[in-house]
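See structure below.
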Amino acid sequence: MCVAFDRGYLNRTDYADLFRAGTEIRKLTVAFMQSMVKAGSGVKHVQKFKSWTDQVWETYERVTGKLRPPLFVAGSGAKASDVQPIERGSEPKPQTGPEY
């Protein structure tokens, strides 16, 4: 680019525009390289985030001490049609508090 300007193939405004664009690209490249090299940044430090669904099921398992039902386990092959409905009268009665 400098040679083209020196030999008269580019006028001054075109050369200035191209030089500015090149400077911007260089700044972006240097900033990207620095971000990849600095500690605590870059692809090597990307954290895998758990989905909200998995967080809720982990809380459910921790609080209740029960595993999640097979219908909600990924890859279990369970279907909604496999779930047996609860018959009336077989549900546990809710506890209202200590009985005196």
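Values reported hereafter were calculated over all heavy atoms of this structure, with side chains retained and with hydrogens, waters and symmetry mates removed.
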- Query: Hey, what do you get for CD (Glu61) to CG (Asp54), rounding to the nearest 0.5 Å?
  - Reply: 9.5 Å
- Tell me, which pairs form a side chain to side chain donor-acceptor pair (under 3.5 Å) where one or both residues lie in residues 19-28, sequence neighbours left out? Asp17-Arg20
- Task: List the atom of Tyr60, the atom of Arg68, and the distance in Å for their closest heavy-atom pair.
- Result: CE2-CA, 4.3 Å
- State which residues pass side chain to side chain contact (heavy atoms under 4.5 Å, CB included) with Glu58; sequence neighbours excluded, sorted by chain then number. Lys50
Could you pull out every donor-acceptor pair under 3.5 Å between side chains of residues 4-15 and any protein atom, sequence neighbours left out?
{"unit_1": "Asn11", "atom_1": "OD1", "unit_2": "Thr13", "atom_2": "OG1", "d": "3.2"}
{"unit_1": "Asn11", "atom_1": "OD1", "unit_2": "Asp14", "atom_2": "N", "d": "2.9"}

